[in-house]
Enquirer: 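Structure in structure tokens, see below.
Model, not experiment: these values are computed from the prediction.
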Amino acid sequence: MSTTTLPALSPVKDPAVAASLGRRRKRLDALLRWFCIGATALALLFLASILLTLILRGLEGLHWTTFTREFQPTTYGDPEAPTGGLLHAIIGSLIQTAIATAVGTPIGLLVGTYLAEYARGSLLGNAVRFVSDVLLSAPSILIGLFIYQLVVLPMGGFSGIAGALALAIIVIPVVVRTTEDMLQLLPNTLREAVVGLGAPKWKMITLVAYRAALPGIVTGILLAVARIAGETAPLLLTSFGNSVLSTDLARSMSSLPIAIYQQANSGFPDLIAIAWAGALIVTAGVLVLNIVARFAVRPRG
């Protein structure tokens, strides 16, 4: 008994339907393209407006005395009175940011290394990663409230060390996430090659993995510093601010975000001008850190 094989039927292309579908796709593509262009232009317009306002208003209040003098009571309307500056706030910000970076970076680096090299798929590693992610997205004022209860109240007052600890907690999850991601990007063959030569795992991590992931880790550290440089909420509950230059970590200490907040709300035009100058200084510092981070991850060779 013979079998008959039927020829396979292929779909017949209708030129009219194809042309209609092509025109619809082109219209939809053009609509989405112009929507994306418009959204981008609107975002750039807002950004340019903010930056232009910041530059124009900041340059008006930016003088050499901004970097050499401390806070002065309002001198509006008296051209012979001394003009105040932000020296106390700049020094306070540098001290607290440096301490926060020195405390938070090693902790974040070690935790990120643990998650990437020792705790892959483990229950403890997943729990630590979850807590780190929650801390990364937590409002900074909650961190300030935590340090207020843990440090400020037992010490009996605001202090620079409390502000530095609050900023350090903000640094930790940023460095944890960056370190873990950069180490996980390294191929396992690199680890196997080093271990295959007889090197212990800790030496493989410190001499090979860290060196290969160094640009990304440095970028994460710089981005963490850029974030804490503009934090105001946690410092209101910890270091609080000071109108004079103080390097005593056991006392309240000023910072640029706090000085901007206080002088912008003063209602006096000369103090508001200094607040704009402080905002420009913070923005310029963050911009420099981001540029340094870009060069840190630039391919070499």
Enquirer: Verify, without hydrogens or angle tests, whether T105 (side chain) and T101 (backbone) share a donor-acceptor contact under 3.5 angstrom.
Expert: yes
Enquirer: Are side-chain N/O atoms of T113 and Y210 paired as donor and acceptor at under 3.5 Å?
Expert: yes
Enquirer: Work out which heavy atom in A213 is nearest to a heavy atom in L183; give both atom names and the distance.
Expert: CB-CD2, 4.0 Å
Enquirer: Take atom CZ in R227; do more than 12 heavy atoms of anything else shown fall under 6.0 Å from it?
Expert: yes
Enquirer: Might you point out which heavy atoms bring L186 and A212 nearest each other, and give the distance in Å?
Expert: CD2-CB, 3.6 Å
Enquirer: Identify the two heavy atoms, one from A164 and one from A100, that lie closest to each other, and give their separation to 0.1 Å.
Expert: O-CB, 3.4 Å
Enquirer: Any donor-acceptor pair under 3.5 Å linking the side chain of S254 with the backbone of N242?
Expert: yes
Enquirer: Can you tell me how the ring of F240 sits relative to the ring of F158, calling it parallel under 30°, perpendicular over 60° and tilted otherwise?
Expert: parallel
Enquirer: Could you give the distance from CD1 (I55) to CG (L62), rounded to the nearest 0.5 Å?
Expert: 11.5 Å
Enquirer: Using a strict cut-off of less than 4.0 Å between a Lys/Arg side-chain nitrogen and an Asp/Glu carboxylate oxygen, indicate whether R129 and D133 qualify as a salt bridge.
Expert: no
Enquirer: Count I, L, V, M, F, W, Y as connected when their side-chain heavy atoms are under 4.5 Å apart, and connections chain through other members. Are M155 and L167 then in the same cluster?
Expert: yes
Enquirer: For the residue pair L245 and E70, establish whether any side-chain heavy-atom pair is separated by less than 4.5 Å.
Expert: yes
Enquirer: For S132 and V111: C-alpha separation, side-chain torsions, deciding distance, then whether side-chain contact (heavy atoms from CB on, under 4.5 Å) applies.
Expert: CA-CA 9 Å; S132 177; V111 174; 5.8 Å; no
Enquirer: Check the hydrophobic clustering (I, L, V, M, F, W, Y; side-chain heavy atoms under 4.5 Å; chains of links allowed) and say if V175 and V131 are grouped together.
Expert: no
Enquirer: Honestly curious: do F67 and I260 fall in one hydrophobic cluster under the side-chain, below-4.5 Å linking rule?
Expert: yes
Enquirer: Consider only side-chain heavy atoms of I, L, V, M, F, W and Y, link residues closer than 4.5 Å, and tell whether L190 and Y118 are in one cluster.
Expert: yes
Enquirer: Start with the C-alpha gap between E117 and I205, add the side-chain angles, then the distance that decides, and say whether side-chain contact (heavy atoms from CB on, under 4.5 Å) holds.
Expert: CA-CA 8 Å; E117 301 293 340; I205 295 173; 3.8 Å; yes
Enquirer: Just wondering, do V174 and L136 contact through their side chains at under 4.5 Å, heavy atoms?
Expert: yes
Enquirer: Mind running side-chain contact (heavy atoms from CB on, under 4.5 Å) on L124 and Y114 for me, showing each step along the way?
Expert: CA-CA 10 Å; L124 178 60; Y114 169 75; 3.2 Å; yes
Enquirer: Checking the side chain of D29 only, and the main-chain atoms of R25 only, is there a donor and an acceptor separated by less than 3.5 Å?
Expert: no
Enquirer: Less than 4.0 Å between a side-chain N and a carboxylate O, is that true for R177 and D181?
Expert: yes
Enquirer: About how many Å separate OG of S266 and CZ of F71, when rounded to the nearest 0.5 Å?
Expert: 7.5 Å
Enquirer: Looking at CG of L86 and NE2 of H63, how far apart are the two atoms once the value is rounded to the nearest 0.5 Å?
Expert: 11.5 Å
Enquirer: Quick check: are there more than 12 heavy atoms from other residues, nucleotides or ligands sitting under 6.0 Å from CG of L28?
Expert: yes
Enquirer: Could you walk me through whether R191 and K201 pass side-chain contact (heavy atoms from CB on, under 4.5 Å), step by step?
Expert: CA-CA 8 Å; R191 298 179 174 87; K201 189 170 184 177; over 6 Å; no
Enquirer: Given S255, which partner from the list E231, Q96, H88 fulfils the side-chain contact (heavy atoms from CB on, under 4.5 Å) test?
Expert: Q96
Enquirer: A side-chain contact here means heavy atoms from C-beta on lying under 4.5 Å apart; do I147 and L237 qualify?
Expert: no
Enquirer: Can you find a heavy atom in the side chain of I281 that is under 4.5 Å from one in the side chain of T66?
Expert: yes
Enquirer: Tell me the closest heavy-atom pair linking A264 and A275, and the distance in Å.
Expert: N-CB, 3.7 Å
Enquirer: So how far is it from K203 NZ to L207 CG, rounded to the nearest 0.5 Å?
Expert: 6.5 Å
Enquirer: Which pair of heavy atoms, one from T283 and one from A279, lies closest together, and at what distance?
Expert: OG1-O, 2.8 Å
Enquirer: Do side-chain atoms of S49 reach the backbone of F46 as a donor and acceptor pair under 3.5 angstrom?
Expert: no
Enquirer: Drop me the distance from T40's OG1 to F35's CZ, to the nearest 0.5 angstrom.
Expert: 9.5 Å
Enquirer: Do Y148 and L235 belong together in a cluster built from hydrophobic side chains that touch within less than 4.5 Å?
Expert: no
Enquirer: Does any part of the side chain of T219, heavy atoms only, come nearer than 4.5 Å to the side chain of T178, both counted from C-beta?
Expert: no
Enquirer: As an exercise, state the distance from CD of Q263 to CG of D270, rounded to the nearest 0.5 Å.
Expert: 8.5 Å
Enquirer: If you compare all heavy atoms of A162 against all heavy atoms of V152, which two are closest, and at what distance to 0.1 Å?
Expert: CB-CG2, 3.8 Å
Enquirer: Decide yes or no for Q262 and I258: does some side-chain heavy atom of the first lie under 4.5 Å from some side-chain heavy atom of the second?
Expert: yes
Enquirer: Is there a side-chain contact between I95 and L249 (heavy atoms, below 4.5 Å)?
Expert: yes
Enquirer: Counting C-beta onward and ignoring hydrogens, is there a side-chain heavy-atom pair between T238 and F146 closer than 4.5 Å?
Expert: no
